[in-house]
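Everything on this sheet refers to the single structure shown next.
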Amino acid sequence: MKNIISLLTLLILSSNLAYSEELESELMLADEDYTIRLLWLCQGYSQDDEITQTDLNSYLLKCINNELEAGYYKHIKVLPKEEQ
């Protein structure tokens, strides 16, 4: 019985992993203008949440990626650069 439960658990976990990898490959890459607008939005949130300067970049990246995920876009690994 334990073997059956272990096997079922393994199958469920592997199917979830395959689904999440498939979903990741189907996500769109957001254009630069959109990610810049998300940066501005998240900067406003950071002021409301009183985020310290040392935690700001981490906060912004997480915030932007949350917004991108909600819009079915791929995550970014580096904050976008604002053009001067």
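Numbers here are sequence positions counted from 1. These numbers were taken from a predicted model, which means no experiment stands behind them.
- Rounding to the nearest 0.5 Å places CG of Leu60 at 14.0 Å from CH2 of Trp40.
- The distance from the CG atom of Asp49 to the CG atom of Leu56 is 11.0 Å, given to the nearest 0.5 Å.
- To the nearest 0.5 Å, the span separating CG on Leu39 from SG on Cys63 amounts to 9.0 Å.
- Applying the ring-ring contact (aromatic ring centres under 6.0 Å, His included) criterion to Tyr73, with sequence neighbours excluded, gives Tyr34.
- Two residues are said to be in side-chain contact when any heavy atoms from C-beta on lie closer than 4.5 Å; Tyr45 and Ile51 fail this criterion.
- One distance of note links OH of Tyr59 with CD of Gln53; it measures 13.5 Å at 0.5 Å rounding.
- For the atom pair CG of Asn65 and OG1 of Thr35, the computed distance is 10.5 Å after rounding to the nearest 0.5 Å.
- Remark: side-chain polar atoms of Asn57 are not paired, donor with acceptor, to backbone N or O of Leu79 under 3.5 angstrom.
- Put simply, Leu38 and Met28 are part of the same group of oily side chains (I, L, V, M, F, W, Y) that touch within less than 4.5 Å, one to the next.
- Under the rule for a side-chain hydrogen bond (donor to acceptor under 3.5 Å, both in side chains), the partners of Glu69 that lie at least two apart in sequence or sit in another chain are His75.
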- Tell me, with the steps shown, if Glu26 and Lys74 meet side chain to side chain contact (heavy atoms under 4.5 Å, CB included). CA-CA 9 Å; Glu26 293 177 7; Lys74 290 183 180 182; over 6 Å; no

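- Annotation: side chain of Arg37 is not in contact with side chain of Glu67 (no heavy-atom distance under 4.5 Å).
- Here the closest heavy-atom approach between residue Glu32 and residue Lys81 is recorded as OE2-O, 4.2 Å.
- For Thr52, the side chain to side chain contact (heavy atoms under 4.5 Å, CB included) criterion is met by Thr54, Asp55, not counting sequence neighbours.
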